[in-house]
There are 4 protein chains.
Amino acid sequence: MHRGNRHGRSEQARLAVLQAADDLLVENGFARLTIEGIAQRAGVAKQTIYRWWPSKTDILFEAFATDAAEELTPPDTGDTARDLITHLSALARFLTVSHAGAVFRALTAEGQHDPALAARLREEHLTAQRVRDRQLLQRAVQRGELPADADLDTTVDRLVGPLYYRALITGQEITTEFITELVHATLNGA
Amino acid sequence: MHRGNRHGRSEQARLAVLQAADDLLVENGFARLTIEGIAQRAGVAKQTIYRWWPSKTDILFEAFATDAAEELTPPDTGDTARDLITHLSALARFLTVSHAGAVFRALTAEGQHDPALAARLREEHLTAQRVRDRQLLQRAVQRGELPADADLDTTVDRLVGPLYYRALITGQEITTEFITELVHATLNGA
Amino acid sequence: MHRGNRHGRSEQARLAVLQAADDLLVENGFARLTIEGIAQRAGVAKQTIYRWWPSKTDILFEAFATDAAEELTPPDTGDTARDLITHLSALARFLTVSHAGAVFRALTAEGQHDPALAARLREEHLTAQRVRDRQLLQRAVQRGELPADADLDTTVDRLVGPLYYRALITGQEITTEFITELVHATLNGA
Amino acid sequence: MHRGNRHGRSEQARLAVLQAADDLLVENGFARLTIEGIAQRAGVAKQTIYRWWPSKTDILFEAFATDAAEELTPPDTGDTARDLITHLSALARFLTVSHAGAVFRALTAEGQHDPALAARLREEHLTAQRVRDRQLLQRAVQRGELPADADLDTTVDRLVGPLYYRALITGQEITTEFITELVHATLNGA
DNA sequence: CTGTAAGCGAGACGGTACGTCCGGTCTTTCG
DNA sequence: CGAAAGACCGGACGTACCGTCTCGCTTACAG
C-alpha cells in the first residue's frame, strides 16, 4: 500500500491522482474540482500532490496530454475532401463529447484567466494540433488540389474556427452537413 | 448620499459596484475577483451586493450588457464587403482589446464550467449578436450579392468562428489581411 | 393604527415593544434577543425603537420596572419571623420562576459586562428593594425583637445573599426549610 | 485521540489562544470579546480555534479552570474562625479583583442565558469549590466546634452567599468587618 | 379647512463578526 | 526519503444584526 520508500516517486500514487482528477472533472465539473477532493478520491496525501504538481491545471494537463494526440491524428486515404470531413468530425467529437475534450475545454477556460496556462496550452497542444491539421492541406497541395502558394495557416483557421466557435461559444450542434459545406466552400474559396 | 429607503435601491451603490467589478476584473483577472474585493473597492457593504446580485457573474453580466451591443452594431454603407470587414474588425477589437470584451471572455470561460451561465450568455448576448451579424448578410441577399437561399447562420459561423478561435483559443493576431481574405473567400464560396 | 402626529409618541407602539421584548426574552433567552426581532414581533419599525430606547437593555428595564416592586413588597402581620419567611419566599419565587425575575436575571448578567447597566440596576431597583427588605427588620427593632444597634444592612445581606446565591449561581432549590433555618439563625445571631 | 500534524495539536497555538482570550477579556470586557479578535491577537487562524473549542466560553473555561482552584484552596491552622475569615477573604478577593474571578463572573453571567454553560460551571467548578468550602466546616465538626448533625451545605450557603451577592449583584465592598461578623454569627447560629 | 410638522412602518445602507470552507505549507511518523 | 495523516495560517464565503438614514403616509394642532 505504502510506496513511501527510497526508490523514488510512486507510480501508483501518480496514476491514482490523474485518474481521480479526470473522474472528478467529468463528474462534478471544474468548479467543484479541488485538490482536497482529488487527494481524498485518490487515497493520497495532499502534500503528495503539491510535491509533484504545481497546480490543479498541471494535473489535468498531464491527464490530457497523450489522449488528445491519439484522437486527433488525421487519416490519409488520398481523398482530400473525405479526409478533411473525417478529421473535422473527429475534432467535433473531441470538442463536444470526448473525455479528453472536456479537459481541453476546462483548460481553455482557465486559460482565459491565466496567460501562463494559455501559453502552455498553445505550446504543448495547439501547436502540435495545428501541425496535424495542416498535414491534410499539405497533402492536398502536393497533389495539386490546392495552389502551392495557399496560406495554409489561414485555411486551417477557416476550417477549425467555426467548429471551436460552435463547440465552446454558442453550443450549437455540429452536424455532418455543416462540416461538409465548410470543407467544400473552403477548398473552393481558398 | 444614502438612498436606502422604501423607494428603491441606491443607483450610486449600483454603479460603484459595476465599476469596481469591471476594474478589478481587468486589473487582476477573474481568478482574483472576489465579492469582498468588489465591496471594498466600491465602498459598499457586502450585503448590498448579495441583496441585488445572486452571484459574481451576475455583476459582470450587468456591467457588460449595454457596452457590448453598442460596440458591435454593424455599419450600413451599402458596400457589403467593406461593411463586413468593418464589422469583423470591430468584433476582433472587442474580443481582444475592449474592456467589455474582457468581461465577455471571462464569462465565456466561466460558462465552460457552468451550463446555466453559458445558457444565459447565449440568451442575453449571443442571440442578439447573431442577429446583428446576420443583418449584413441579409442586406447582401436583398441586394442580390448573395443567393436568396444561402444559409446565413452557417455563413455567420464561417465568418466569426475563425475570429473567436484566434482570439479565445490560439491567441494569434487578427490582422486586416486575415479578415479581408476571410470575407472575400466567404462571399465567393457561400 | 398610525399614531404619527406632532404631539407625542404612540402608546400602542411602546406597549407592543415592551410585550415583544418580554416574550422573546422568555422564549429564546437573552442571547437571541435582537432589536430586529423585537421590531418584527412588535410590528414596529426599528427606527421607532432606536428613537425611544437607547439600547436593548433599556427596553427590558422598562418592561421589568413596575412588576418587580409589586411582587416584592413585604407583608406586615406583626410576626417578624413569619413575615420574613413569607417575604423571602416571595423573593425566591421572583428569582427563580417569575417572569419579571427572568428579566432581572438577564439584566444582572449583562451588568457583569456593562458597568453602566449594573449601576442603573442598583439605582433603580436594588436600592429600592433594600428599603423594602429593611422594613421588616426595622419593625422588629421597633418591637424590641432585635437590638437597636443591629447593623440592618449587613443583616439584609445575610438573609437575601444565600437566596441570590442559590438562584443565580448554584441553581440549588430554595426550600421552605432552608428559608426557615436562615431566618431563625439570623434572628438569633444578629 | 487527535494528534496534530499527525501526532499532536500545537501546544503553542493552544496557549496563545488562552492567553489572548484572557487578555482581551480583561482589556475590553466580555462584550467586545470576539473569536476574530482572539485569533488575530493570538496569531492563529480562526479555524484553529473552531477546531478545538466549540465556543467562546469554552476558551474562557479552559483559561480559568486551574487558576481558580489554586486561589481558593482553604488554609488549615487549627483555628476555625480564623481559617474561615482567611478563606472568605480569599474568596472575596477572587470575586472582585482577581483575574480568574473576572472570567468567573463573565461565565456566570453567560450562564444566565445559557443553561448548558451554567450546568458545566457547576460541574467543573462550583461542586469542587463547595467541597473546598466544606472542608473548613468539617474540620470544625471534628474538633467539636460545630454540632455533628449540622447541615454543612446550608451553612456554606450562609457563609458564601452574602459574598457572591455583594460581589455580583450589589457591588458593595466586602470589608473584613463584614466577613468577621458573618463568620461569628454563623458559627454561633448554625 | 388646510398646511405643516412630528411619529410612524418600511427597508436600504455601510459595517462587524459569525461559523464554514478550501488553498497551500509544514511537521511528524512509518516503511 | 517518499508517502500518509492532518494541524496550521490565511482569507473568501454567505448570513445575521447592528445602528443610521431616507422615504412617503398618517395624524392633529395652528393659522
Side-chain angles (χ1 to χ4, degrees), chain A residues 1-10 12-14 32 34-37 39-40 42-52 54-56, chain B residues 1-10 12-14 32-40 42-52 54-56, chain C residues 1-10 12-14 32-40 42-52 54-56, chain D residues 2-10 12-14 32-37 39-40 42-52 54-56:
Chain A
M1 232 21 84
H2 285 257
R3 258 304 307 278
N5 59 28
R6 55 190 59 130
H7 303 299
R9 160 175 196 182
S10 162
Q12 188 176 340
R14 182 180 150 267
R32 289 184 182 166
T34 68
I35 299 268
E36 302 227 333
Q40 191 164 0
V44 144
K46 269 202 302 182
Q47 184 56 34
T48 299
I49 297 183
Y50 283 109
R51 179 150 40 222
W52 299 109
S55 78
K56 204 163 60 180
Chain B
M1 222 36 150
H2 286 266
R3 267 295 315 276
N5 57 30
R6 78 147 107 192
H7 303 291
R9 67 195 280 195
S10 162
Q12 189 176 338
R14 183 181 148 266
R32 288 185 182 166
L33 186 64
T34 67
I35 299 268
E36 302 228 336
I38 296 171
Q40 190 163 358
V44 143
K46 266 203 302 180
Q47 183 56 35
T48 297
I49 297 182
Y50 285 111
R51 179 151 43 224
W52 299 111
S55 77
K56 207 161 56 179
Chain C
M1 262 323 113
H2 284 264
R3 258 300 312 275
N5 63 32
R6 70 190 302 180
H7 292 289
R9 70 194 276 193
S10 162
Q12 189 175 341
R14 183 182 148 265
R32 288 185 182 165
L33 184 64
T34 67
I35 299 267
E36 300 228 333
I38 296 170
Q40 192 162 359
V44 143
K46 269 202 300 179
Q47 183 58 33
T48 298
I49 296 183
Y50 284 108
R51 184 159 26 229
W52 300 109
S55 78
K56 205 163 58 179
Chain D
H2 281 258
R3 288 321 209 71
N5 33 13
R6 180 149 195 171
H7 284 286
R9 153 183 198 181
S10 164
Q12 188 176 338
R14 183 182 148 264
R32 288 185 183 165
L33 185 65
T34 67
I35 299 267
E36 301 229 334
Q40 191 163 0
V44 145
K46 271 202 298 180
Q47 183 58 35
T48 298
I49 296 183
Y50 284 108
R51 179 153 38 227
W52 300 111
S55 77
K56 206 162 55 179

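A, B, ... follow the sequence lines: proteins, then strands. Residue 1 opens every chain. Predicted model, so just to flag it, every value in this text is computed and none were measured.
Taking the centre and axis of the six-membered ring of B/W52, the NZ or CZ atom of B/R14 falls outside the cone set by 45° and 6.0 Å.
What separates CD1 of B/I49 from C1' of E/dG15 is a distance of 13 Å, to the nearest Å. The separation between B/I38 atom CD1 and E/dG14 atom P is 14 Å, rounded to whole Å. Rounded to whole Å, the distance from CD on A/Q12 to P on F/dG2 is 17 Å. Per the geometry, CD belonging to A/Q40 stands 14 Å off C1' belonging to E/dC21, to the nearest Å.
Every residue meeting the side-chain contact (heavy atoms from CB on, under 4.5 Å) condition with B/R51, not counting sequence neighbours, appears here in chain and number order: B/Q47, B/T48. For the side-chain contact (heavy atoms from CB on, under 4.5 Å) test, residues two or more places apart in sequence or in another chain that qualify with A/S55 are A/T57, A/D58. Remark: D/Q12 engages no residue in a side-chain hydrogen bond (donor to acceptor under 3.5 Å, both in side chains) (not counting sequence neighbours). With sequence neighbours excluded, the residues forming a side-chain contact (heavy atoms from CB on, under 4.5 Å) with C/K56 are C/F30, C/L33, C/I35, listed by chain and number. By the side-chain contact (heavy atoms from CB on, under 4.5 Å) test, C/Q40 pairs with no residue at all, sequence neighbours left out.
Among the nucleotides F/dG2, E/dC13, E/dC8, the one closest to any side-chain atom of C/R9 is E/dC8.
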Under 4.0 Å protein heavy-atom contact, by nucleotide of nucleotides 10-16 of chain F - B base, S sugar-phosphate only: B-SBBB-
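In this model, the phosphate group of F/dG2 is not approached by any side-chain N or O of A/R51 to a distance below 4.0 Å at OP1 or OP2. OP1 or OP2 of E/dG14 has at least one side-chain nitrogen or oxygen of B/T48 nearer than 4.0 Å. Contact annotation: A/W52 side-chain N/O to F/dA3 OP1/OP2 distance is under 4.0 Å.
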